[in-house]
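Below: the structure, in structure tokens.
Within every chain, numbering begins at 1; the chains are lettered A, B, ... in the order of the sequence lines, protein sequences first and strands thereafter. Treat the numbers as computed from the prediction; the structure is a model and nothing was measured.
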Amino acid sequence: MKKILVYLVVFALISTFAVGCSSGGGGGAEKESKPEVVKIGVLFPFSGSMAALGEENFRGAEIARLVRNKQGGLWGKQIEFVKADAPDATAAVAEADRLINKEGMKVIIGSYSSSLSYAASEVAERNGVIYWEVGGISDPITSRGYKYLFRTVPTGSSFGIQAVKFAKAIAPDIGVKPEEMKIAIVHEDSMYGTTVGENAKAEAERQGLDLVEMVAYSAKTNDLSSVILKLKAANPDVLIATSYITDTILFWRQARELNFYVKAAIGTGAGYAMRDFAEAVGDDVNRIFNVDFPQLDTNPEFAKGIDEFKKLYEETFGEPPKSGHSLVAYAGALILWDVMEKAGSMDPEAIRKAALEVDIPDGETAVGFGCKFAGPDAENAGQNIKAYPLVAQWKNQKLVTVWPEEAAAGEIELPMKPWE
Amino acid sequence: MIEFFQVLVSGIMLGGIYSLISIGLTLIFGIMRILNFAHGEYLMIAMYLSFWLFKLLNIDPYVSIIIVVPALFLLGIISQKLVIKPIINAPPTMQIFATVGLSLVFQNLALFLWKADYRTVKTSYQTATIHLGPMLVSFPRMVAFLIAIIVSLGFFYFLKNTYTGKALRSIAQNREAAMLMGIDVSKMYMIAFALGTACVGVAGALLMPVYYVFPTVGTYFGVTAFVVVVLGGMGNMTGAFLGGLLIGVIESISGVYIDPSLKEAVYFIIFILVLLFKPSGLFGLRGAEEVGLK
């Protein structure tokens with residue numbers, strides 16, 4: 001028995017080495033015989049607790065790559081991704097370093113999670129490498145005056161602000177006056193949740209709404225009854241919530257258990273956008289709102305090319321897209337290809353210049369909103385100032401875009417149904 | 001006041017689940033003197049097993065206990081034979097490396113086999129609530145709590161009154177003497193480890209209706225289980241049971257009355273205080289951290 005084990009271990013070790021060497025060698029040989037490949041680093045959480053959405057975000061970039069390659073690639077060369085797995089911020093720094101200094105990447109696409117993006121983009125900036133953010137929404141990422149960092153997606157603050165604006169807009173639907181509307185904010189306490197929560201709070205104060213409770217908690221928790229009991233005591237009309245997927249499921253299951261009712265619940269992305277959420281809580285998901293990246297049903301008149309994207313996703317991965325995360329990464333990566341094409345080389349300086357010249361009007365991309373990056377002297381340097389989130393509502397366990405009107409695919413339904 | 005009792009009840013229900021997971025961990029430590037860092041991963045495997053039985057064969061998570069528990073018992077035997085047995089006399093650091101390694105293997109195997117999706121089961125009773133006067137108790141949490149009590153009582157009876165139980169306890173007290181008395185130590189180790197994993201088998205099946213499973217779910221509960229075990233006195237079963245309830249209540253109360261984002265901090269501070277002032281744990285006898293199961 002022991003002998004067999006030893007053999008197994010030895011075999012495993014040898015095969016690992018063999019694979020390692022052959023892939024290393026193969027890479028070298030490829031470089032010599034096929035120089036027409038454009039290599040771009042992709043850094044996402046492919047393992048760990050953020051892997052589900054990280055993978056979804058990556059898939060969008062992957063489809064953008066396939067589309068571009070079919071059209072002839074960049075400067076007549078095929079695009080190839082060099083993948084890096086970053087389950088946490090420490091790994092993100094190490095992997096960004098590896099992509100840049102070992103793999104020689106000049107452009108990195110990332111990274112779904114704001115914390116990862118914040119850490120990895122610092123490494124890229126230091127090395128003068130383009131960091132193209134297609135997922136992370138936290139504001140501080142683009143508030144550091146970085147020259148090589150560009151973000152195609154809306155910021156976290158715009159999620160919080162949009163949620164409050166929307167809350168005010170639906171006041172008549174739930175039968176309260178906007179100035180009497182009681183709002184509660186609940187958010188997980190990482191950078192993402194805190195940014196959204198704080199901005200929602202600031203916007204609520206600007207709009208003169210009555211903020212009755214604000215609760216933060218760690219998304220790693222396995223019990224949210226204390227959060228819910230706190231909210232229940234505050235008895236709000238509208239709840240604005242920011243959470244990842246695990247805590248979203250937990251929150252709504254325990255909300256039902258503890259009989260916590262609000263007239264309208266507005267989530268702000270991440271967990272609220274996921275099919276896993278609907279699968280976990282079933283019909284309880286209906287009528288919950290989600291302020292988020294443009295969803296897959298956004299009016300195709302407004303989001304041009306969205307139908308092609310959905311088709312390609314299904315063909316490539318054998319299942320429909322899980323959330324808008326893939327869509328925004330797709331649209332973001334497509335912009336990068338255009339920028340690089342125009343830059344004419346892998347030189348980060350040239351790419352940077354070309355990026356700053358981009359000016360795409362609304363209604364020309366697969367996500368609807370256009371693209372124009374804030375210059376390096378702006379306080380949100382590198383941010384796409386034309387990006388904004390939309391509001392969708394869960395209906396029959398599917399997200400339907402409902403607000404603003406030009407993007408809407410359905411009507412707003414209110415108020416929430418009480419628990420039976 | 002009602003609110004306070006509601007918080008208390010929620011805490012106790014949560015604690016019941018912690019207790020159930022911690023009992024297995026403390027059993028393994030008490031008898032084998034092995035810190036099993038892969039304990040959370042056995043929970044993850046149990047949850048996946050329960051999930052797939054539900055998904056593929058439509059077996060209710062509670063019914064799945066009769067399949068999951070033997071399966072985890074078997075997995076415990078296999079792990080013990082392949083990984084734990086060769087290192088049973090190795091220095092503690094090496095044992096820790098081995099079990100941490102085992103946990104990484106399980107996590108990544110799960111990620112590879114079942115992807116990072118959050119899997120949940122949908123049952124008719126999962127969000128059902130029981131009204132205890134003005135207080136609300138979740139039905140599946142109540143079930144988990146009651147079964148935690150039954151399992152703990154069963155374990156006490158087993159350890160006190162059966163030959164195997166007595167043999168296990170004798171090993172915990174003095175490995176050499178037990179060996180001299182003709183107890184098959186390596187077989188007992190196997191039983192202890194397998195019982196420990198079978199215990200999370202129960203916990204996994206009970207958790208499935210309340211929670212969701214994903215490859216790293218074990219770490220969420222694993223860390224808490226370690227806190228509970230140290231708090232209750234390492235190797236002390238009663239301690240693990242009461243420690244679990246205590247942590248649940250602390251978490252719940254500090255979440256409502258201090259701040260939800262600080263509740264982990266609160267129980268880790270208590271954990272550190274216990275380590276500083278009563279390293280044998282709240283319910284352990286002085287020196288129990290050296291001797292083990294009482």
Q | Taking every non-hydrogen atom, the tightest pair across A:Ala280 and B:Thr120 | A | CA-OG1, 3.3 Å

Q | Over all atoms of both residues, closest heavy-atom pair of B:Val121 and A:Arg253 | A | O-NH2, 3.5 Å

Q) Is it true that B:Lys122 and A:Glu279 have a side-chain N and a carboxylate O under 4.0 angstrom from each other? A) no

Q | Any donor-acceptor pair under 3.5 Å from B:Tyr212 side chain to A:Thr246 backbone | A | yes

Q. By a 4.5 Å heavy-atom criterion (distance strictly below it), what part of B:Ser252 contacts chain A: side chain, backbone, both, or neither?
A. both

**Q.** Any donor-acceptor N/O pair, B:Lys263 side chain to A:Asp223 backbone, under 3.5 Å
**A.** yes

Q: State which residue, out of A:Leu258, A:Ile228, A:Leu224, fulfils the side chain to side chain contact (heavy atoms under 4.5 Å, CB included) condition with B:Ser10.
A: A:Leu258

Q: Could you tell me the separation between the CG atom of A:Asp276 and the OH atom of B:Tyr118, rounded to the nearest 0.5 Å?
A: 8.5 Å

**Q.** Proximity breakdown for A:Asn222 and chain B, heavy-atom pairs closer than 4.5 Å
**A.** both

Q: Could you tell me whether B:Phe97 atom CZ has more than 12 heavy atoms of other residues or ligands within 6.0 Å of it?
A: no

Q) Take atom NZ in A:Lys182; do more than 12 heavy atoms of anything else shown fall under 6.0 Å from it? A) yes

Q: Can you tell which part of B:Ile258 gets under 4.5 Å to a heavy atom of chain A, answering side chain, backbone, both or neither?
A: backbone

Q.
Please classify the contact of A:Phe277 with chain B as side chain, backbone, both or neither, using a heavy-atom distance under 4.5 Å.
A. neither

Q: Sort A:Glu188 into side chain, backbone, both or neither according to what part of it lies under 4.5 angstrom from a heavy atom of chain B.
A: neither

(Q) Counting C-beta onward and ignoring hydrogens, is there a side-chain heavy-atom pair between B:Leu136 and A:Asn259 closer than 4.5 Å? (A) yes

Q | Nearest heavy-atom neighbours spanning B:Tyr211 and A:Thr221 | A | OH-O, 3.6 Å

Q.
Looking at B:Phe5, I want to see if its CZ is surrounded by more than 12 non-hydrogen atoms of other residues, nucleotides or ligands under 6.0 Å.
A. no

Q: Answer yes or no: does atom NZ of A:Lys83 have more than 12 heavy-atom neighbours from other residues, nucleotides or ligands under 6.0 Å?
A: yes

Q. When heavy-atom pairs shorter than 4.5 Å are enumerated against chain A, which of B:Phe139, B:Phe221, B:Tyr257, B:Tyr220 gives the highest number?
A. B:Tyr220

Q.
Please give me the minimum heavy-atom distance between A:Gly48 and B:Leu111, naming the atom from each residue.
A. N-CD2, 4.5 Å

(Q) Given heavy-atom pairs under 4.5 angstrom as the criterion, report whether the side chain, backbone, both or neither of B:Tyr18 touches chain A. (A) side chain

Q.
Quick one, A:Glu257 with B:Met13, criterion side chain to side chain contact (heavy atoms under 4.5 Å, CB included). Give me CA distance, side-chain angles, the key distance, then yes/no.
A. CA-CA 12 Å; A:Glu257 283 166 20; B:Met13 293 299 135; over 6 Å; no

**Q.** B:Arg141 versus chain A, the contacting section by heavy-atom distance below 4.5 Å
**A.** side chain

